[in-house]
Amino acid sequence: MAIKVLIPTPLRPYAGKQSSVEVTGKTVGEALNSLVAQHPELRKHLFAEDGKLRSFVNVYLNDEDIRYLERDSTPATETDTISIVPSVAGGV
Amino acid sequence: MALRIHKTLLGQVRNHGEQTYPHECCGVLVGEIDDTANKTVQSVVACGNTRTDSPQNRYHISPAELVRIQREAALAGLDIVGFYHSHPDWPAKWSSTDLEEAHWTGCSYVITSVENGKAVLTNSFLLLGEEQTKHFEDEAIEVDETIQEQQSR
């Protein structure tokens, strides 16, 4: 068993065209590191140069925004699903 | 590249803009996408506009709502293929804010102009490039009555 990461449509080209990737780790941060280790091209699309998540990239553990949990240190288990969703906004 | 959508679903998109006028509406297009960025919309998911501070000229979809929609689409073997919003009393073309806030490369951004409460024009724009080079290109909307609508929400 592994943690499932759902990949949003715009990042699929950098994740072997897969809609989900199975990763390992005990925290969300470790899981994301496992993800970019498997698919290095994803790194620049997820993380800024300072190593932090890009401002418009939202990461959820199941139904919770990790910003309101323990961010990268949020514990994750094999029954969890991590979702990556870039923000959607705009206006005139 | 084109966006194929059943006329009933396109009607839902346009009606949503009329319902929320003079505020902007927003929602998600779920369907199938191929390697050449051709998309077929199977369902339209109306979302709430969380920009309650300035809903007449801004929209924002809750990430929690996107997570739920993305998860349900995956279970159905579908993808998020685009988004829609309205421009109350403003043309159906993308604005600098729309481009600045767009991050779903390869997806369609559909905009409906709503004038005095009535939906007028609906246009689609395809987001291309990477974050530093992103840009919109005009995209044809093909209204297709043969598409089997999977689930209307």
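Reminder, nothing fancy here: chain letters follow the sequence lines and each chain counts from 1.
For B:Phe83, the part lying near chain A is the side chain, with the backbone staying farther off; criterion is any non-hydrogen pair under 4.5 Å. Neither the backbone nor the side chain of B:Asn49 comes within contact range of chain A; no heavy atom of the residue lies under 4.5 Å from a heavy atom of that chain. Heavy atoms closer than 4.5 Å to chain A are found in the side chain of B:Gln132, but not in its backbone. With a 4.5 Å cut-off on non-hydrogen atoms, B:Arg71 touches chain A through its backbone and its side chain both. Contacts of B:Trp104 with chain A are made by both backbone and side-chain atoms, with heavy-atom separations under 4.5 Å. Using a 4.5 Å cut-off between heavy atoms, A:Asp65 makes no contact with chain B at all. For a residue to count as touching a neighbouring chain, one of its non-hydrogen atoms must lie under 4.5 Å from one of that chain's; by this rule B:Glu130 touches chain A with the side chain only. Neither the backbone nor the side chain of B:Cys26 comes within contact range of chain A; no heavy atom of the residue lies under 4.5 Å from a heavy atom of that chain. Of the two parts of A:Ile82, neither the backbone nor the side chain holds a non-hydrogen atom closer than 4.5 Å to a non-hydrogen atom of chain B.
Atoms CD1 and OG1, from B:Ile33 and B:Thr40 in turn, are 10.0 Å apart once rounded to the nearest 0.5 Å. A distance of 5.5 Å separates CZ in B:Phe125 from CG in B:Asp138, rounded to the nearest 0.5 Å.
No side-chain heavy atom of A:Phe47 sits under 4.5 Å from any side-chain heavy atom of A:Leu42. Between A:Thr74 and A:Tyr68, every side-chain heavy-atom pair lies at or beyond the 4.5 Å cut-off. Here the side chains of A:Ile84 and A:Leu46 are in contact, with some heavy-atom distance below 4.5 Å.
Options A:Pro13, A:Ser19, A:Ser83 differ in how many heavy-atom pairs under 4.5 Å they form with chain B, and the most are formed by A:Ser83. Of all the listed residues (B:Thr50, B:Leu66, B:Leu99, B:Asp35), the one sharing the greatest number of non-hydrogen pairs under 4.5 Å with chain A is B:Leu66. Your options are A:Asn62, A:Val85, A:Val57, A:Val88, and the one with the most heavy-atom pairs under 4.5 Å with chain B is A:Val88. Ranked by heavy-atom pairs under 4.5 Å with chain A, the first of B:Glu101, B:His103, B:Arg58, B:His60 is B:His103.
Note on ring orientation: taking the six-membered ring where Trp is involved, the planes of B:Tyr84 and B:His16 are perpendicular (angle over 60°, cut-offs 30° and 60°).
A salt bridge links B:Asp79 to A:Arg12: at least one charged side-chain nitrogen sits closer than 4.0 Å to a carboxylate oxygen.
By the rule that hydrophobic residues join a cluster once side-chain heavy atoms approach within less than 4.5 Å of another member, B:Val45 and A:Leu6 end up as members of separate clusters.
Taking the ring centroids of A:Tyr14 and A:His39, they lie at or beyond the 6.0 Å cut-off.
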